[in-house]
Amino acid sequence: MSKKIYLYGNWKMNMTAAETKKFFDEFSGVYKPADDLEVGVFSPFTSLWALAEGAKKCNVVFGAQNVYFEEKGAFTGEVSIPMLKEIGVKYVILGHSERRHIFGESDEMIAKKVKAVLDAGMIPVLCYGEKLEERESGNTFTVMERQLKSAIKDLTADEISKIIYAYEPVWAIGTGKSATSEQAQEVCEWSRKLIANPNVVILYGGSVKGSNAKELLSMKDIDGALVGGASLKPASFLEIYTAYKN
Ligand code: PEP
C-alpha cells in the first residue's frame, strides 16, 4: 500500500460554529474516506462543539489550535486541557508560528504545553520553522534545532514518538509561496534524524494547495500537509489529496 497521507486543516481565526456546521454539511457530500488518508480539522475554541459533531459524523480527527498547560485557576482568557477533553478533543496544534511570533510564545512555554498535552493522553501537533531572514542568513537549521530540541528534551522516547511534527517555514505560511519540494524534503529528513526516530509523522505546511500537493507529498520524508487557507472549503481541502493521488 502507498504511504498514509495526513491532511490536517488549520482554520486559524476563521469559521464560526454556524460556518463549521455548513462546512461539514458540504464536506460529508464530497469526502470519500480512503485507507491511506487521515483527515484532521483544527478550529477556534468557540467552534469546537460544532467541529466535534461534524468531524465525528464524517469520521475525521479534530482538534484545537492551542491550550494552556495549567489545569485551572487565575489565567484569564485561557483554555485548559480538561476543558478540551470534555468536548472530546484529542489533538492540539502547538507552537504555530503565529503563536510564536504574534503572541510571543517562547520555546519554554511551548515545551510545557507539549508535556501537558502528552500527560493528558492527547496528541500535540508541534509546529516549527524558520523566518525568511533566518533562512537567508544561513540559520535555518540552528533555529529549528533550538525549537525542536527545547520541545522534546524532557520527554521519553515513547512520548517523542507520539508527537505529530509540522515543518512550517514562516515565509511560506499564507503567502502563496510554498517551499520547494526539495527544500521541504531536506528539512523533514533532517528533522527525522534530529528526533532520532525514523517512524515519526512529519507534515509540511506553508501554502499547500492542489497545484503543488503532488510534488510535496511525494517526497520521502513528508507524511502529509498542515493546510491553512486551502482547508476552509471542502473542495480545495480535499483536492490536495486527489492531486497527490492522480
Ligand atoms: C498554517 O496556517 O499552518 C498554514 C500552513 O497556512 P497556509 O496553508 O495558508 O499557508
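All ligand and atom numbering here is 1-based and tracks the order in the structure.
- For ligand 1, the protein residues placed under 4.0 Å by at least one non-hydrogen atom are N10, K12, H96, E168, A172, I173, G174, G205, G206, S207, L226, V227, G228, G229.
- Checking E133 against W171 by side-chain atom types alone, no donor-acceptor pair falls below 3.5 Å.
- The salt bridge (charged side-chain N to carboxylate O under 4.0 Å, His left out) contacts involving residues 75-88 comprise nothing, where partners must be two or more places apart or lie in separate chains.
- Counted by atom type alone, D36 and Y241 present one or more donor-acceptor pairs between their side chains at under 3.5 Å.
- Under 4.0 Å is where a charged nitrogen must lie from a carboxylate oxygen, and between D223 and R192 at least one such pair does.
- Residues passing the ring pair (Phe, Tyr, Trp, His ring centres under 6.0 Å) test with Y31 are F27, sequence neighbours excluded.
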Under 3.5 Å, sequence neighbours excluded: what are the donor-acceptor pairs made by side chains of residues 49-59?
none

